[in-house]
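Down below is the structure, laid out as structure tokens.
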Amino acid sequence: MPTPFKRVLAANRGEIAIRIFRACTELGIQTIAIYSEEDRLSLHRYKADEAWLVGKGKKPIDAYLGIDEIVDLAKRLEVDAIHPGYGFLSENPEFSEACERAGIVFIGPTAEMQRKLGDKVAGRKAAQAAGVPIVPGTPEPILHDEEALIFAKQHGYPIIIKASAGGGGRGMRVARTQRELVEGLVSARSEAQAAFGNAAVFLERYIERPKHIEVQILGDHHGNLVHLFERDCSIQRRHQKVVEFAPSLALSEKQREAICQDALKIARSVSYRNAGTVEFLVDQEGHHYFIEVNPRIQVEHTVTESITGRNLVQAQILVAQGKRLSDPEIGIARQEDIQRRGFALQCRITTEDPQNGFAPDYGVLKAYRSPGGFGVRLDAGSAFGGAVITPHYDSLLVKITTWGLTHQAAAHVMDRSLQEFRVRGVKTNISFLENVMRHPVFLEGKCDTSFIEAHPELLQ
Ligand code: ADP
């Protein structure tokens with residue numbers, strides 16, 4: 001019998017911690033925040049029923065990475081479950097194991113599933129075993145340069161060097177010549193070591209101007225698994241997503257069905273549970289190739305929520321309690337119960353200056369006024385007049401998700417909403433996002449991953 005959670009701790013900060021608290025409160029669950037010394041004035045702390053300082057004397061990032069401290073605190077506070085959000089400990093199997101040992105439910109897949117899918121090299125093996133096409137690449141991390149040169153001889157250039165443990169576009173290098181390959185191996189390894197504590201890198205054939213299409217999946221603990229269609233995340237800067245939307249305008253119904261079924265094949269092969277995302281690249285001929293699984297909630301999940309009307313974070317909490325997808329609170333008895341309506345898109349508003357290479361900006365928000373109205377959803381961390389933007393964490397200020405009956409209508413709502421923002425004191429990427437919303441290639445839904453680079457006029 002499922003036991004409802006009474007108390008849930010969010011092992012995260014910013015907008016995703018608040019997103020988790022909102023879902024819990026709606027489900028009648030008490031919420032517990034953790035915060036670092038640098039975050040003592042951050043909004044997520046005040047949006048929870050209780051808030052506890054962690055990581056005293058540690059570096060700002062490390063406060064949210066202290067497995068023992070967080071699990072001990074959760075135990076002391078008689079927490080039933082921990083939601084890891086995204087980033088930080090969300091994909092760390094040692095954290096989910098530590099939760100389990102302490103008798104606390106980790107809201108996410110098991111440590112075993114994280115190990116089978118979380119690492120890119122492992123994920124590729126799982127995809128291949130499930131009969132899903134992967135980008136041609138090396139089956140294992142590169143130990144000696146000669147292995148890379150042999151791969152280059154067999155497959156030709158360009159090649160992309162990728163960190164096995166990579167995320168957020170870091171630890172990646174594109175090589176178009178042997179020299180770039182050899183040099184890229186060195187720099188990718190050191191970037192991967194610094195960012196992920198793991199220097200392992202592998203190679204893939206670099207697909208020119210692909211689309212990034214990813215499929216949202218959701219499974220319960222009783223073997224039921226569904227997909228919630230795709231998101232198009234092709235609008236990227238330095239391999240990092242900037243604007244995401246759904247449905248993709250680039251897929252035929254047949255392609256959509258094939259990609260969603262391939263995502264489910266991989267998920268089924270590990271009996272996946274909870275929410276996850278299976279990412280693919282689609283080349284210019286329309287072939288899709290698996291790239292990785294993100295075994296957690298993603299930043300852009302709001303887009304899927306908007307077109308399906310399904311609350312993914314609540315669903316995560318409910319399945320972690322042992323509920324079935326078919327239970328009335330989740331209400332997904334069959335795949336067909338998930339229907340799409342309209343089009344949604346999300347912009348990540350960051351405190352970055354587009355005119356200065358998107359360098360992060362800091363300081364006090366002297367003024368902050370946000371948009372509203374039909375079709376607008378905001379998910380913000382510390383976005384309010386007087387808030388202090390520090391250099392300690394990522395530069396996401398607020399996520400805005402808009403909805404419309406067509407892609408263009410959703411873009412017009414976004415454009416209007418971006419114009420309504422008033423942010424003073426700190427630079428943002430809002431004017432850049434407005435330019436994206438008005439761009440004909442974007443409005444036709446035809447962007448590939450080279451879009452921003454190919455259109456420098458967007459920066460004006
Ligand atoms: P991360 O985990 O760092 O986000 P991903 O593997 O998800 O890395 O890739 C991020 C982005 O990098 C992709 O959306 C795509 O734009 C680019 N990319 C990754 N692999 C390839 C590839 N083989 N060919 C072309 N672009 C790629």
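Start at 1 with the first residue, then count along the sequence. Atoms within a ligand are numbered from 1 in the order they appear, just like the ligands themselves.
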Check your understanding: In the protein, which heavy atom is nearest to atom 10 (C) of ligand 1, and how far is it?
Key -> M172 CE, 3.6 Å
Point to revise | Over 12 foreign heavy atoms within 6.0 Å of CZ, R238 | key: no
Review point. Would one find an N or O of I207, backbone or side chain, under 3.5 Å from an N or O of ligand 1?
Key: yes
**Study point:** For T449, the ligand 1 atoms whose distance to one of its heavy atoms is below 4.0 Å
**Key:** 16 (O)
Check your understanding: Can any side-chain N or O of E305 pair as donor or acceptor with the backbone N or O of L312 at less than 3.5 Å?
Key -> yes
Study note, to complete from the structure: Closest to atom 1 (P) of ligand 1 by heavy-atom distance, out of K120, H239, R170, is K120
Exercise for review: Decide whether an N or O pair under 3.5 Å exists between G169 and ligand 1.
Suggested key: yes
Practice item. Could you name the option among V135, L281, D448 that has the heavy atom nearest to atom 22 (C) of ligand 1? Key: L281
Review point. Which ligand 1 atoms does G167 reach within 4.0 Å, using its non-hydrogen atoms?
Key: 1 (P), 2 (O), 3 (O)
Exercise for review: Begin with the C-alpha distance, continue with both residues' side-chain angles, and end with the deciding distance and a verdict on side-chain contact (heavy atoms from CB on, under 4.5 Å) for S36 and Y393.
Suggested key: CA-CA 11 Å; S36 65; Y393 301 102; 2.7 Å; yes
**Study point:** Those atoms of ligand 1 less than 4.0 Å from some heavy atom in R205
**Key:** 22 (C), 23 (N), 24 (N)
Review point. Going from CG on L203 to NZ on K162, what distance comes out if it is rounded to the nearest 0.5 angstrom?
Key: 11.0 Å
**Study point:** Qualifying residues under ring-ring contact (aromatic ring centres under 6.0 Å, His included), relative to F196, sequence neighbours excluded
**Key:** none
Check your understanding: With under 30° as parallel and over 60° as perpendicular, where do the rings of F151 and H155 fit, or are they tilted in between?
Key -> parallel
Check your understanding: What pairs with K47 under salt bridge (charged side-chain N to carboxylate O under 4.0 Å, His left out), at least two apart in sequence or on another chain?
Key -> none
Revision key, fill the gap. of all protein heavy atoms, closest to atom 6 (O) of ligand 1 is K162 NZ, 3.1 Å
Review point. Which protein heavy atom lies closest to atom 15 (C) of ligand 1, and at what distance to 0.1 Å?
Key: Q236 OE1, 3.7 Å
Point to revise | Atoms of ligand 1, numbered as shown, that sit under 4.0 Å from any heavy atom of G166 | key: 2 (O)
**Study point:** Under 3.5 Å: N/O of Y206 near N/O of ligand 1
**Key:** no
**Study point:** V71 and I67: CA distance, side-chain angles, deciding distance, side-chain contact (heavy atoms from CB on, under 4.5 Å) verdict
**Key:** CA-CA 6 Å; V71 174; I67 295 182; 4.3 Å; yes
Exercise for review: Decide whether the shortest distance between a heavy atom of Q240 and an atom of ligand 1 is less than 4.0 Å.
Suggested key: no
Exercise for review: Taking the six-membered ring for Trp and the full ring for Phe, Tyr or His, determine whether the centres of F95 and F88 are under 6.0 Å apart.
Suggested key: no
Review point. Heavy-atom contact under 4.0 Å between E208 and ligand 1?
Key: no
